[in-house]
Amino acid sequence: MSGPAAGTAVAATTTDVVCLGESMVTFLPSQPGRLADVPSFGRGIGGAESNVACALAAAGHRAAWVGRVGADGFGDHLVETIASYGVDTSAVRRDPFRPTGIYFRTATDRGTDTHEVAYYRAGSAASAMSPANVPYEELFAGRILHLSGITAALSGDCLALLRELTAARPGRPLVSFDVNHRPHLWRGGDASVLLELARRADLVFVGEDEAEEAWGIVGAEAIRAAVPEPSVLVVKRGSAGATVFASGLRPGPRSSNAGGAECGGAEDAAADATGPDTVTHVPALLVDVVAAVGAGDAFAAGFLSATLRGLPVRDRARHGHLMAAAVLTVPGDLTEPPARDHADRLVALGDDAWGTLRLGPGWTAADRASEEVRTP
């Protein structure tokens, strides 16, 4: 029988966020240039959903990653590396017949014409995820289930799985969905299905550029008109910042629990979306960018972290911008986030101070060093 058992629910959640999706071994170039010319590569990991899980765990939340990897050395590396960030990987499944996906990329920005990515993920273990073989009890064990449109593009079974997970049912956790439109994955496919999935979620992240490319919809207001159901819709506008449409939200209590996270916000984000929208625009930060890779995942992690803490909508977006700035100022997809106390102080800045704040390489390390100096 496929799909979750009737009435599947977890009485007491022990996890803040469960992230499901494909993670791959990434080969990063030793120097700039065409893939044909790069002499050697360093090994890392890459995957939108595992990036979010790692960032949340590094920020002090209880995060789990659920995926499927090959019974190979690359699968071992992925599971061990993701777990080293403090992420629960106990529900990851190993596939003895299919390999772990890998990819190579150039050092240039993803948005430039010289950027190259060579994926070797067709027929990967992750592409075999389906409603029949995922651990539903673990997926529904968190306060938030985070998904992305990348998974929907991997195979027909993966799309069926996302439809199953986003279906309305009693006891479903708050569903967070990052559209994450990747054009190369949809060649010959219909990316409009991402709109269907977004409308079934509670909290949605989408870029203005990807909404135009995938759906032909231009502008934040038009995107909200096309995606009216989610209680929270975050439209990312690049260097212009983010516009958040929120309906039916309550302030939410902030009560500490045993895991160190604070309660109230996740439940608020799933509140009834029938009320009028509150529209909040939050400018992006000035950032000295080292590599524009992983910023969207980091933004989602920062926004989800603040949501779990029950912070106001503006502060949720500001925490997203700060987490993105941490990743933008390092070469890879992942980095240590800013210390929470310092991030909270930056989020509390007035509009003028926020608008002139500039962050460059090393800002999170310097921040943590200063925190250690002030600690008696």
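Sequential numbering from 1 along the given sequence is applied to the chain's residues. Only this structure's heavy atoms are used, side chains among them; waters, hydrogens and symmetry mates stay out.
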| Could you go step by step and tell me if Phe104 and Phe27 meet the ring-ring contact (aromatic ring centres under 6.0 Å, His included) rule? | CA-CA 5 Å; Phe104 297 77; Phe27 289 94; 4.8 Å; yes
| task | Start with the C-alpha gap between Asp344 and Arg309, add the side-chain angles, then the distance that decides, and say whether salt bridge (Lys or Arg N to Asp or Glu O under 4.0 Å) holds. | result | CA-CA 12 Å; Asp344 284 343; Arg309 297 171 60 199; 2.8 Å; yes
| task | Begin with the C-alpha distance, continue with both residues' side-chain angles, and end with the deciding distance and a verdict on salt bridge (Lys or Arg N to Asp or Glu O under 4.0 Å) for Glu229 and Arg224. | result | CA-CA 9 Å; Glu229 291 86 355; Arg224 181 51 161 172; over 6 Å; no
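Under a hydrophobic-cluster definition in which Ile, Leu, Val, Met, Phe, Trp and Tyr are linked whenever side-chain heavy atoms come within less than 4.5 Å, directly or via other members, Leu20 and Leu154 are assigned to different clusters. In the hydrophobic clustering of this structure, Leu139 groups with Leu197; members are Ile, Leu, Val, Met, Phe, Trp, Tyr whose side-chain heavy atoms approach within less than 4.5 Å, directly or through other members. The cluster map of Ile, Leu, Val, Met, Phe, Trp and Tyr, joined by side-chain heavy atoms under 4.5 Å apart, puts Val327 and Val87 in different clusters. Met129 and Val25 fall into different hydrophobic clusters, where Ile, Leu, Val, Met, Phe, Trp and Tyr side chains are chained together by heavy-atom contacts under 4.5 Å. Transitive grouping of hydrophobic side chains (ILVMFWY, heavy atoms separated by less than 4.5 Å) brings Leu159 and Val204 into a common cluster.
Between His321 and Phe299, the ring-plane angle classifies as perpendicular under the 30° and 60° cut-offs.
Put simply, the side chain of Val244 does not reach to within 4.5 Å of the side chain of Val279, judged on heavy atoms. Using a 4.5 Å cut-off on side-chain heavy atoms (C-beta onward), Leu346 and Leu322 make contact. At least one side-chain heavy atom of Leu185 sits under 4.5 Å from a side-chain heavy atom of Ile150.
For the pair Arg318 and Asp315, the salt-bridge criterion is not met [side-chain N within less than 4.0 Å of a carboxylate O]. A salt bridge is defined here as a Lys NZ or Arg NE, NH1 or NH2 lying under 4.0 Å from an Asp or Glu carboxylate O, and Glu213 with Arg182 fails to meet this definition. At a threshold of 4.0 Å, the pair Arg34-Glu116 does not count as salt-bridged, since none of the basic side-chain nitrogens sits closer than that to a carboxylate oxygen.
Checked by atom type and distance alone, the side chain of Trp65 never pairs as donor or acceptor with a backbone atom of Val52 at under 3.5 Å. For the pair Arg314 (side chain) and Val347 (backbone), a donor-acceptor distance under 3.5 Å is present. In this structure a side-chain-to-backbone donor-acceptor pair under 3.5 Å is present from Asp88 to Ser90. Listed for the His281 side chain is a donor-acceptor partner under 3.5 Å among the backbone atoms of Ala242. For Trp354 (side chain) and Pro283 (main-chain N/O), a donor-acceptor pair under 3.5 Å exists by modelled atom type. At distances below 3.5 Å, not a single donor-acceptor pair connects side-chain atoms of His146 with backbone N or O atoms of Asp178. Although no hydrogens or angles enter the test, the distance criterion places no donor-acceptor pair under 3.5 Å between the side chain of Arg98 and the main chain of Ala128. For the pair Asp72 (side chain) and Thr100 (backbone), a donor-acceptor distance under 3.5 Å is present. Side chain of Arg94 to main chain of Gly70: a donor-acceptor pair is present (N/O by atom type, distance under 3.5 Å, no hydrogens or angles). Thr81 contributes a side-chain N or O that, together with a main-chain N or O of His77, makes up a donor-acceptor pair within less than 3.5 Å.
A donor-acceptor contact closer than 3.5 angstrom is absent between the side chains of Ser127 and Ser155. The closest side-chain donor-acceptor pair between His61 and Ser305 falls under 3.5 angstrom. Judged purely by distance below 3.5 Å, without hydrogens or angles, the side chains of Arg316 and His319 never pair a donor atom with an acceptor atom. Side-chain contact annotation: Ser30 with Ser40, donor-acceptor N/O pair under 3.5 Å present.
Sorted by first and then second residue, the pairs that involve residues 284-302 and meet side chain to side chain donor-acceptor pair (under 3.5 Å), not counting sequence neighbours, are Asn51-Asp297, Asp288-Arg358.
With Pro230 as the fixed residue, the side chain to side chain contact (heavy atoms under 4.5 Å, CB included) test singles out one of Val227, Val234, Val232: Val227. Of the residues Leu162, Leu203, Asp202, the one that meets the side chain to side chain contact (heavy atoms under 4.5 Å, CB included) test with Phe177 is Leu162. Paired with Glu22 under the rule side chain to side chain donor-acceptor pair (under 3.5 Å), one option of Ser50, Ser148, Ser124 passes, and it is Ser124.
Counting heavy-atom neighbours within 6.0 Å of Asp352 CG, excluding the residue itself, gives a total of 12 or less.
Atoms CD1 and OG1, from Ile102 and Thr26 in turn, are 10.0 Å apart once rounded to the nearest 0.5 Å.
Ring to ring, Tyr119 and Tyr103 are close: their centroids are under 6.0 angstrom apart.
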